[in-house]
Amino acid sequence: MASTLIKMISGKEKPMQIDKNQILELLRSQGDQDKAAQAESELPDQVDTEQHVGLLSKLGINPAELLSRLPGGLGDKLPGGLGDKLGGLGL
């Protein structure tokens, strides 16, 4: 459902690609050193939010929330701060 919502909001049909280092930096900035270490060993260099949703979920990462938190990410482009609200919807 989250990937469908991301496609609808972004107007993009293909999944979002996120550099693994951005995910690692985000986890570390939140103090999640254990999750960052796990992500470093399990995630590919380029993380596809649709293809790797299982790995992201295993790490406790919600793709919609992740996109809203990344600098210059989808959340920065959504009207009315909707990017901040996506995570609160459990998407």
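Among residues two or more places apart in sequence or in another chain, the side chain to side chain donor-acceptor pair (under 3.5 Å) test is passed with Glu40 by Arg28.
Atom CD in Gln46 sits 8.5 Å away from atom CD in Gln22 (nearest 0.5 Å). If you take CD1 on Ile61 and OG1 on Thr49, they are separated by 12.0 Å, rounding to the nearest 0.5 Å. Rounding to the nearest 0.5 angstrom, the gap separating the CD1 atom in Ile18 from the CG atom in Leu66 is 4.0 Å.
At distances below 3.5 Å, not a single donor-acceptor pair connects side-chain atoms of Lys20 with backbone N or O atoms of Pro44.
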Contacts table for residues 52-60: side-chain donor-acceptor under 3.5 angstrom, sequence neighbours left out:
| from | atom 1 | to | atom 2 | distance (Å) |
| --- | --- | --- | --- | --- |
| His52 | ND1 | Asp48 | N | 2.9 |
| His52 | ND1 | Asp48 | O | 3.3 |
| Lys58 | NZ | Glu42 | OE1 | 3.1 |

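Counting only heavy atoms from C-beta outward, the side chains of Asp19 and Asp45 never approach each other to under 4.5 Å.
Nearest approach of Ala36 to Leu24, heavy atoms of both residues: O-CD2, 3.2 Å.
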